[in-house]
There are 2 protein chains.
Amino acid sequence: MMDQPKKQPTMMDVARLAGVSTMTVSRALKPNTSVGEKTRQKIQDAAEQLGYVLNSNAASFASHKTGFVAVTIPSINNANFAETLTGLSEGLNNTGLQILLGYTNYSKQEEERLIEQFLQRRPEAIVVTGGSHTDRCRKLLENSGVPVIEMWDQPKSPIDESIGFSNADAAALMVDHFVEQGYERIGFIGGDASRDTRGLDRRRGFVARLEALGLESHRLVSAGSPPVTIREGMDSLVKMLDTWPDTQAVMCVSDLSAFGAISYCIRNGIRVPDDIAIAGFGAYDISEVSNPTITTVDVSAQAIGLAVAQQVSNRLSVQQGNPVKIAAPTILARESTQKSVQ
Amino acid sequence: MMDQPKKQPTMMDVARLAGVSTMTVSRALKPNTSVGEKTRQKIQDAAEQLGYVLNSNAASFASHKTGFVAVTIPSINNANFAETLTGLSEGLNNTGLQILLGYTNYSKQEEERLIEQFLQRRPEAIVVTGGSHTDRCRKLLENSGVPVIEMWDQPKSPIDESIGFSNADAAALMVDHFVEQGYERIGFIGGDASRDTRGLDRRRGFVARLEALGLESHRLVSAGSPPVTIREGMDSLVKMLDTWPDTQAVMCVSDLSAFGAISYCIRNGIRVPDDIAIAGFGAYDISEVSNPTITTVDVSAQAIGLAVAQQVSNRLSVQQGNPVKIAAPTILARESTQKSVQ
DNA sequence: TATGTAAATGATACCGATAACATTTTGCAA
DNA sequence: TTGCAAAATGTTATCGGTATCATTTACATA
C-alpha cells in the first residue's frame, strides 16, 4: 500500500471543483437522476481528476439503506452450500446488494452470534440456512424489521418466509427408490444428529418411510459431527457391515459419504451395487463421475440460491413480484443402486 | 419479518433511560473501556430493555473504521479457494473484522469491478487472489491507502505484499517426481491459458522444467475455461491420447481434472499408473480416497488463508508482528504415479 | 410575448455514533 | 482532613453523505 499523504477527497471537494452543490454531485453519481448532461460530465471529470471514491458508509448512514444482505450458511466447504452461494451471488449481482457472509459451522450458537453481529450492520434482508435456531436468535430475526428468508428447509412455522424443500420427504423418495429396486434391509449413514438438522430430517424421513412400508428401520450409523467427510463415509460403512452384515442397501446423508462408502467397497472387493447398493444425497459433481456413478437426490442447490436472490429483490423493491418457487428434489437413479444398468 | 412499528432505538434512547450521556453508553458497550461496573450494568439493562442494537454504520462513519476486509477469489466452487476462505474466516474470527467477499469468476475485468465497488465501503485491508490485474485495478489498489495482500501467488512486483507460492516451481516439482519415476513423455492438461493465471504459471513451470531436462514439452491440452471440471479432465485425456498415444504420464492442473482423467482410464480398461501415470494439483480431499489415490501437490490452501488473516491483523494493529510465512508446496506421492507401490 | 409545467439545481437539516478534550468523582497516601 | 493522580463521565464538534423542500432554469404552447 502506498500511504495516502492527504486524506481522500470528499463530495464537497468534487462539488467545489465542478462549481456545483454537493447535492448535485450526489445525484450525478447515481443513475436515473435528473442532472443535466453537461453538468454530469463536468462532475464526472472533476471526480476523475480528484480520484474521488464515493463513501458508501456515509451514504448508508444518511439514507438508512446499507445495501447489505446478511447470509449465514453452515460451511463453505460443502459443494451444495457453495453452489447455493454462487446462485445467490449471481442473482444479486446487479442489484447493488452486497452479501455479508457468515459460517455457522453447523452450530446454532454460532449462528446466533453471527446474526447478532450482522444486525449491527443493518442489513436490508437476512438469509439463513435451515429453520432451526436458538430462541434468542429466532427472536432477533423476528424483531429485525427486515425480510428474513430461511432456505434449504421447509420449517413448519417459518420466521417470515422459506425457500427450500422437505429433507424428510426427499429421503423418503430414496427409500422408495430402494424398495422399487427390490432392497428391503436398508441402512442410513448420517452425521451426528444433534447438530446437522437437515441431516437429522433426512434420517427422520428415512425411518418414517421404512416404518410406513413395514420394513426394518434400525440400521442407523452415526458418522460424527457434520459435515460428514469421505473418510467418515468409509468408516461408517465398515461399522454398518460389522453391525448388520446382511444389509442390502445404504443411504448416505451426502454424496461425499456415499463416495467414501463406495471407495471402501471397491478397495475391498465388495461389488456395488451387486453386493450392496449405496446412494448419496445432493447431486455433487463427484456422484456423476464416480465409478460406479452414484444414485443421489438432486436438490438443485444453485437454484435455491437464485430463488432466494430473486425473492430478496422482490421484497426490497416497491412492486412486489410473485413469490418464487423452486423445483422439488428428484432422484437421479444411477449405477450404484441399479443392478440392471450395471 | 415483523414490521417494526416504531423505529429502532438509538444510543440516545439508551442513554436517557440509563441516565447517562451517549458517550458513556458508547464506552459501556465496548470492551476495555473505563466505565464503572454499576454504570455498565445499568446501561446494559437499559439496552436490553429497549432491544437496542448498535448501529455499526454510524459507528464506522464516526470513527473512520469500518471493520471490513475486502476479499476477492476466483470462485467459491473450488475446494482450494473455499479452504483458503475458511482459513481466512477462522483467522479473522475474533478480530472484529468482517469479510466482504467477491467472486471474480477468473476475470480481471470482474475483479476490477469488484475492487471499485469494495473501495466505496472503505475496507481496512484488501486481499486479492493472484498477482495479475488490470492496469486500472492495480492503480486502484495502489492508491487505496490500506494494506493490500496478494495471495496464492508470488508476483515479481507485488502491489504491497504477497502470501503465496510459485505455481511454476510447484509444477516443476511434479515434473521432477515424474522423471524420478522413470517417465519421459509427459503431458499437461490445463485450463484456457488466457484466464487462469495460476494454471498458466503451472503450465509454464511444467514446460520450462521439461526443457531444462531436455525432454519433450509439447504435449499440452487445453481443457476449456477455468475452473476445469472433472468432465473436462476426462475429455482432455481422450484428446491427449488421441494426439499423442505414446504419452506415459500426465500432469493435470487440478485434482478434479486428474480425477476425471483417471475415471476415464478406469472405465476404459486403461490401467493407472501401469499404462499411464496421472497426477493432480491442490491436494483436494478426493485425491486421497480416489482409487487409485492421486499423486498431487499440497499447497496448504487453508494455511494460506490463516496466514493472510494473521498478516492482516498484524498490519492493522499498532505493534506490528513478524511477517507471516507459509510452507512451500510439497509433492504427495500416491498410487497414481508410482508403479512400485501399486 | 406571456405562461405554465417539467427539469435542473440549491439550501438546510439531519442521520447516530465517536474523537478529543474538559470536568467531576473516587480512592488512597500523606 | 487534605491533596492529588487515576478513573469515570460529560460536552462539543464533527464524520460525509442524502432527504426534503425551495428555487431557478428551460422549453413548449397558447
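All chains are named by letter (A, B, ...) in the order of the sequence lines, taking the proteins before the strands, and each is independently numbered beginning at 1.
At a threshold of 4.0 angstrom between heavy atoms, the contacts of B:Thr10 are confined to the sugar-phosphate backbone, with no base atom among them. A:Val25 comes within contact range of no nucleotide atom at all, as no heavy-atom separation falls under 4.0 Å. Using a 4.0 Å heavy-atom distance criterion, B:Lys65 is classed as making no nucleic acid contact.
Residues B:Gly19 and B:Arg122 both approach DNA chain D. Their nearest nucleotides, taken by heavy-atom distance, put B:Gly19 toward the 5′ side. Where B:Arg27 and A:Ser63 meet DNA chain D, the nucleotide closest to each residue was compared, and B:Arg27 sits on the side nearer the 5' end.
Rounded to an integer number of Å, the gap from CD of A:Gln41 to C1' of C:dA8 is 17 Å. C:dG16 atom P lies 10 Å from atom CD of B:Gln8, rounded to whole Å. Separating the CE atom of A:Met12 from the C1' atom of C:dT12 is a distance of 13 Å, rounded to the nearest angstrom. Atom CG of A:Leu29 is separated from atom P of C:dT9 by 13 Å (rounded to the nearest Å). As rounded to whole Å, 13 Å separates atom P of C:dA8 from atom CG of A:Asn32. Per the geometry, CE belonging to A:Met23 stands 10 Å off P belonging to D:dT20, to the nearest Å. Taking atom CZ of A:Phe61 as the reference point, atom P of D:dT14 lies 16 Å away to the nearest angstrom. Summarising the geometry, the separation between CG on B:Leu54 and C1' on C:dC15 is reported as 14 Å, rounded to the nearest angstrom.
Listed candidates were D:dA8, C:dA8, C:dG10. Nearest to the side chain of B:Thr39 is D:dA8. Among D:dG17, D:dA8, C:dA11, the nucleotide with an atom closest to any side-chain atom of A:Ala62 is D:dG17. Among the nucleotides D:dG10, D:dG16, C:dC15, the one closest to the side chain of A:His64 is C:dC15. If you check D:dG17, C:dG16, C:dG10 against the side chain of A:Ser21, the one that comes closest is C:dG10. With C:dA7, D:dG17, D:dT9 as the candidates, the nucleotide lying closest to the side chain of A:Asn55 is D:dG17. The side chain of B:Met11 lies closest to C:dA17, out of C:dA8, C:dA17, C:dG10.
At least one side-chain nitrogen or oxygen of A:Thr24 sits closer than 4.0 Å to the OP1 or OP2 atom of C:dG10. For D:dG16, the OP1/OP2 oxygens have no side-chain nitrogen or oxygen of A:Tyr52 closer than 4.0 Å.
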For residues 9-18 of chain B, run the donor-acceptor check on the side chains, cut-off 3.5 Å, and write out each pair with its distance to 0.1 Å, sequence neighbours left out.
| residue | atom | partner | partner atom | Å |
| --- | --- | --- | --- | --- |
| B:Thr10 | OG1 | B:Met12 | N | 3.2 |
| B:Asp13 | OD1 | B:Arg16 | NH2 | 3.3 |
| B:Asp13 | OD2 | B:Thr10 | N | 2.7 |

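Ion pair B:Glu112/B:Lys108 not flagged as a salt bridge, since none of the NZ, NE, NH1 or NH2 atoms sits closer than 4.0 Å to an Asp/Glu carboxylate oxygen. Using a cutoff of 4.0 Å between basic side-chain nitrogens and carboxylate oxygens, B:Arg113 and B:Glu110 are scored as salt-bridged. The pair A:Asp160-A:Arg315 meets the salt-bridge criterion, with a side-chain N (NZ, NE, NH1 or NH2) lying under 4.0 Å from an Asp/Glu carboxylate O.
Considering every non-hydrogen atom in both B:Asn57 and A:Arg121, the closest pair reads ND2-O, 3.0 Å.
A:Gln302 places no side-chain N or O within 3.5 Å of a backbone atom of A:Glu83 that could act as its donor or acceptor partner.
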